[in-house]
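Sequential numbering from 1 along the given sequence is applied to the chain's residues. Computed from a predicted model, the values in this text were never measured in an experiment.
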Amino acid sequence: MPTLDPYSVLAQVVTFFVLWAVLRRWLFEPMLSVLDEREKRTRGTMEMAQGWVAEAREAEATYDRKLLTARREAARHAEEVRRALREEEREVLESARNEAAARIARARSELVREVEGARARLEEEARRLGTEIRRAILSGLGAP
């Protein structure tokens, strides 16, 4: 079995630590620094993205609330329009009924006047015919 030379072991240990120090200073620390910076940026980007997602959800909730409010307002307005149209329709029908009733009353009045006029003319005609018939009967009997 070979013997271990203590100076050789010591040289290897010193070489290891020197190599370790050099690699640490020129390789490991810059690489770890780059990895830390990358992780910070990634974490920052993730936090920013989560913030955007939260903002988007809040915007969506706001949009939904505004849409619901707009729909309710539109339904309320449509009901007001329907109510106004029903009222206008009622007023138009009432006006038409009143006008029809007035026309009917005028027509009845005109009809009553015409009937009274016709009755008066018929009574006059009946008197005249009565007088003529009397004369005809009396002249047939020989009376003057």
Side-chain angles (χ1 to χ4, degrees), residues 4 6-144:
L4 288 174
Y7 294 112
S8 172
V9 171
L10 182 62
Q12 286 179 0
V13 169
V14 169
T15 304
F16 174 75
F17 283 114
V18 169
L19 182 60
W20 174 256
V22 169
L23 287 176
R24 186 173 148 200
R25 171 78 175 116
W26 295 101
L27 180 65
F28 297 143
E29 286 179 2
M31 190 164 57
L32 288 175
S33 175
V34 168
L35 290 175
D36 284 343
E37 183 60 32
R38 183 175 168 191
E39 184 179 339
K40 285 179 189 175
R41 279 188 280 165
T42 301
R43 192 174 298 135
T45 303
M46 289 297 288
E47 289 172 359
M48 192 169 38
Q50 288 171 348
W52 289 344
V53 167
E55 287 177 15
R57 286 185 180 146
E58 181 59 33
E60 181 181 22
T62 301
Y63 171 78
D64 289 342
R65 283 192 302 271
K66 287 182 179 181
L67 182 62
L68 181 61
T69 301
R71 285 182 177 162
R72 285 181 181 160
E73 181 64 23
R76 185 190 60 75
H77 181 67
E79 182 58 34
E80 286 178 5
V81 168
R82 280 191 291 273
R83 191 176 311 117
L85 288 174
R86 282 192 300 264
E87 181 63 25
E88 185 178 339
E89 178 184 27
R90 187 193 63 74
E91 289 172 2
V92 167
L93 287 174
E94 185 66 28
S95 174
R97 283 185 193 120
N98 291 340
E99 186 177 333
R103 284 184 180 182
I104 289 172
R106 284 192 304 270
R108 280 184 183 159
S109 175
E110 181 66 29
L111 185 60
V112 165
R113 276 195 309 273
E114 287 178 12
V115 165
E116 287 174 357
R119 184 175 287 146
R121 285 190 303 275
L122 285 176
E123 286 175 2
E124 181 63 34
E125 185 66 22
R127 273 190 230 114
R128 189 184 61 74
L129 285 175
T131 304
E132 285 182 23
I133 290 174
R134 251 183 295 152
R135 276 191 203 147
I137 290 176
L138 288 177
S139 69
L141 292 177

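- A distance of 10.0 Å separates CG in Leu23 from CE in Met31, rounded to the nearest 0.5 Å.
- One finds the CD atom of Glu87 at 10.5 Å from the CZ atom of Arg83 (value rounded to the nearest 0.5 Å).
- From Glu58, atom CD reaches atom CZ of Arg65 across 5.5 Å, with rounding to the nearest 0.5 Å.
- Salt bridge Glu124/Arg127: present, at least one basic N to carboxylate O contact under 4.0 Å.
- Counting heavy atoms from C-beta outward, Glu37 and Ser33 have side chains that stay 4.5 Å or more apart.
- The line from CD1 of Ile133 to CZ of Arg135 is 12.0 Å long, rounded to the nearest 0.5 Å.
- Taking 4.5 Å as the limit, some side-chain heavy atom of Thr131 sits within range of a side-chain heavy atom of Arg134.
- Of all heavy-atom pairs spanning Ala136 and Ser139, the tightest one is O-OG, 3.1 Å.
- The two residues Arg25 and Pro30 have their closest heavy-atom pair at O-CD, 3.5 Å.
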With salt bridge (charged side-chain N to carboxylate O under 4.0 Å, His left out) as the criterion, how do Arg119 and Glu123 come out once you've worked through the C-alpha distance, each side chain's angles and the decisive distance to 0.1 Å?
CA-CA 6 Å; Arg119 184 175 287 146; Glu123 286 175 2; 5.1 Å; no
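- In this structure Arg106 satisfies the side chain to side chain donor-acceptor pair (under 3.5 Å) test with no other residue, sequence neighbours excluded.
- Put simply, CG on Leu27 and CG on Leu32 are 9.0 Å apart, with the number rounded to the nearest 0.5 Å.
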Quiz: residues 38-49 side-chain donor-acceptor pairs under 3.5 angstrom, not counting sequence neighbours:
residue : atom : partner : partner atom : Å
Glu39   : OE2  : Arg43   : NH2          : 2.2
Thr42   : OG1  : Arg38   : O            : 2.7
Thr45   : OG1  : Arg41   : O            : 2.7

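- Arg113 and Glu116 are not joined by a salt bridge, as no carboxylate oxygen comes within less than 4.0 angstrom of a charged side-chain nitrogen.
- Heavy-atom neighbours of Glu88 CD from other residues, nucleotides or ligands within 6.0 Å: at or below the threshold of 12.
- Ion pair Glu94/Arg90 not flagged as a salt bridge, since none of the NZ, NE, NH1 or NH2 atoms sits closer than 4.0 Å to an Asp/Glu carboxylate oxygen.
- Remark: Glu79 engages Arg86 in a salt bridge, criterion side-chain N to carboxylate O under 4.0 Å.
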How far apart are the C-alpha atoms of Thr69 and Arg72, what are their side-chain angles, what is the distance that settles it, and do they pass the side-chain hydrogen bond (donor to acceptor under 3.5 Å, both in side chains) test?
CA-CA 5 Å; Thr69 301; Arg72 285 181 181 160; 5.7 Å; no
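- The minimum heavy-atom distance linking Glu114 with Arg121 is given by the pair O-NH2, 4.5 Å.
- Here the CG-CD distance, from Asn98 to Glu91, works out to 11.5 Å after rounding to the nearest 0.5 Å.
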